[in-house]
Amino acid sequence: MNELFRLEDVTVGYGTQVVLKGFNLVIYDRERVAICGPSGTGKSTLLRCLNLLERIQRGTIYFRGTKIIEARNGRVKVLVDENVHRSRVGIVFQEFNLWPNKTIIKNITEGPIYLKRVARATATARAKELCALVNVNPFHSSSENGKSAAKYPSELSGGQRQRVALARALAMDPEVLLLDEITSALDPPLAAEILRYLRKINESFHIPMILVTHHVEFARSLATRLLFMKEGNVVVDTPAEKLDRYYDHVDLKEYLEPMGEGAE
């Protein structure tokens with residue numbers, strides 16, 4: 001199986017706090033990898049390193065066999081165009097990060113138009129298709145003049161805004177999708193709803209996913225591989241279907257939380 005990401009001896013810290021130290025990991029193409037564990041253990045930092053949103057202090061990261069960043073002796077070198085890399089490696093955050101002053105359609109089309117030079121009409125048509133995929137209507141059904149008025153993020157629920165964020169990431173046609181705690185701000189029924197749409201996205205695009213979550217059961221229901229991190233290290237690395245053997249693991253068992261109604 002082809003490698004998607006390789007991290008070699010990666011160290012990341014903030015001031016005197018070291019979050020990742022000598023971290024090594026290989027993630028393969030076509031995998032859906034879930035990264036679980038307590039807060040502050042380096043999960044989101046790891047994800048942000050893969051998207052070059054976080055600078056490493058030491059080590060090397062490869063994407064599809066190409067070195068994208070390396071750090072040695074206090075010097076950091078980014079070896080690829082960051083905008084191009086981020087167009088290939090999509091990321092969705094817990095906070096949605098939608099532009100409140102732009103319509104739903106413009107939130108989805110800005111990246112393809114300005115970063116990938118996609119024609120506006122093509123990007124708009126694609127945005128409408130993706131809105132349909134995630135079941136969000138970007139327009140009001142009617143208005144006083146008989147025309148459909150565009151919706152803004154403030155007019156959507158939290159679950160709908162998260163689905164728009166997914167659509168925006170997919171509009172860039174990424175080669176991998178990074179999902180950073182995208183259900184942690186949602187109630188269990190809405191988290192289960194997002195899970196259903198991620199399954200739908202997987203069925204439609206067969207795109208590799210790397211997701212950070214506190215919910216091991218959420219991870220198991222979507223991922224093919226599960227990593228459990230503690231204090232900046234991976235303490236469990238298992239195929240999702242073999243998670244049961246770790247149910248009594250001292251670090252893992254307290255995170256086996258139910259997803260709520262509709263998760264299955």
Side-chain angles (χ1 to χ4, degrees), residues 27 30-39 41 43-44 46-47 90-98 104 107-108 127 129-138 151 153-171 174 176-229 236 238-247 249 251-264:
I27 295 174
R30 301 183 182 275
E31 283 192 309
R32 297 189 303 279
V33 179
I35 306 171
C36 305
S39 297
T41 197
K43 305 184 305 297
S44 293
L46 171 58
L47 214 63
I91 190 166
V92 182
F93 300 97
Q94 170 187 343
E95 301 86 0
F96 319 133
N97 287 356
L98 300 178
I104 301 306
N107 263 278
I108 298 172
E129 291 175 358
L130 290 170
C131 282
L133 177 73
V134 299
N135 196 27
V136 173
N137 186 350
K151 288 182 182 177
S154 61
E155 300 176 83
L156 303 180
S157 68
Q160 289 173 323
R161 289 197 294 272
Q162 193 58 280
R163 279 145 48 196
V164 170
L166 284 169
R168 181 175 63 179
L170 291 169
V176 57
L177 198 56
L178 310 181
L179 309 169
D180 190 8
E181 296 278 17
I182 66 169
T183 62
S184 63
L186 304 177
D187 293 334
L190 290 178
E193 178 183 86
I194 293 297
L195 172 60
R196 288 195 294 272
Y197 284 104
L198 288 175
R199 286 172 174 162
K200 189 174 182 181
I201 288 167
N202 178 58
E203 291 169 1
S204 299
F205 297 97
H206 303 290
I207 184 171
M209 296 181 186
I210 305 172
L211 59 143
V212 165
T213 179
H214 280 85
H215 297 283
V216 176
E217 289 296 341
F218 174 87
R220 183 174 68 163
S221 61
L222 179 70
T224 57
R225 178 182 174 194
L226 188 141
L227 308 178
F228 190 85
M229 291 182 62
V236 172
T238 179
E241 69 270 16
K242 295 183 179 179
L243 178 61
D244 289 358
R245 68 177 65 176
Y246 293 96
Y247 267 30
H249 191 283
D251 297 314
L252 186 61
K253 59 184 179 181
E254 65 180 289
Y255 292 91
L256 296 174
E257 303 174 7
M259 274 294 297
E261 200 171 324
E264 294 301 325

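- For Ala171, the side chain to side chain contact (heavy atoms under 4.5 Å, CB included) partners at least two apart in sequence or on another chain are Ile108, Pro112, Leu130.
- Contact of the Phe228 side chain with the Pro38 side chain is registered, since non-hydrogen atoms from C-beta on lie closer than 4.5 Å.
- Salt bridge Glu193/Arg163: present, at least one basic N to carboxylate O contact under 4.0 Å.
- When side chains are defined from C-beta on, Asn135 counts as touching Tyr197, because their heavy atoms get closer than 4.5 Å.
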Stepwise side-chain contact (heavy atoms from CB on, under 4.5 Å) test for Arg32 and Asn202 | CA-CA 9 Å; Arg32 297 189 303 279; Asn202 178 58; 3.4 Å; yes
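- A search for side-chain hydrogen bond (donor to acceptor under 3.5 Å, both in side chains) contacts involving Ser204 returns nothing, not counting sequence neighbours.
- Residues that satisfy the side chain to side chain contact (heavy atoms under 4.5 Å, CB included) test with Leu156, not counting sequence neighbours, are Ile104, Val136, Lys151, Gln160, Arg161, Val164.
- Every residue two or more places apart in sequence or in another chain that forms a side chain to side chain contact (heavy atoms under 4.5 Å, CB included) with Ser44 is listed here: Asp180, Glu181, Val212.
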Report the C-alpha separation of Leu179 and Ile210 in whole Å, then their side-chain angles, then the decisive distance to 0.1 Å, and conclude whether the side-chain contact (heavy atoms from CB on, under 4.5 Å) test is met.
-> CA-CA 6 Å; Leu179 309 169; Ile210 305 172; over 6 Å; no
I would like to know whether Phe93 and Ile182 meet side-chain contact (heavy atoms from CB on, under 4.5 Å); could you show each step before the answer?
-> CA-CA 6 Å; Phe93 300 97; Ile182 66 169; over 6 Å; no
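- For Ser184, the side-chain hydrogen bond (donor to acceptor under 3.5 Å, both in side chains) test picks out Gln94, with sequence neighbours left out.
- Side-chain contact between Leu198 and Leu166 is present, with at least one heavy-atom pair separated by less than 4.5 Å.
- Counting only heavy atoms from C-beta outward, the side chains of Leu170 and Ile201 approach each other to under 4.5 Å.
- The shortest side-chain heavy-atom distance between Val33 and Met209 does not fall under the 4.5 Å cut-off.
- Leu222 pairs with exactly one of Ile194, Thr213, Leu211 by the side chain to side chain contact (heavy atoms under 4.5 Å, CB included) rule, that one being Leu211.
- Legend: residues meeting side chain to side chain contact (heavy atoms under 4.5 Å, CB included) with Pro208, ordered by chain and number and at least two apart, are Leu4, Asp29, Val176.
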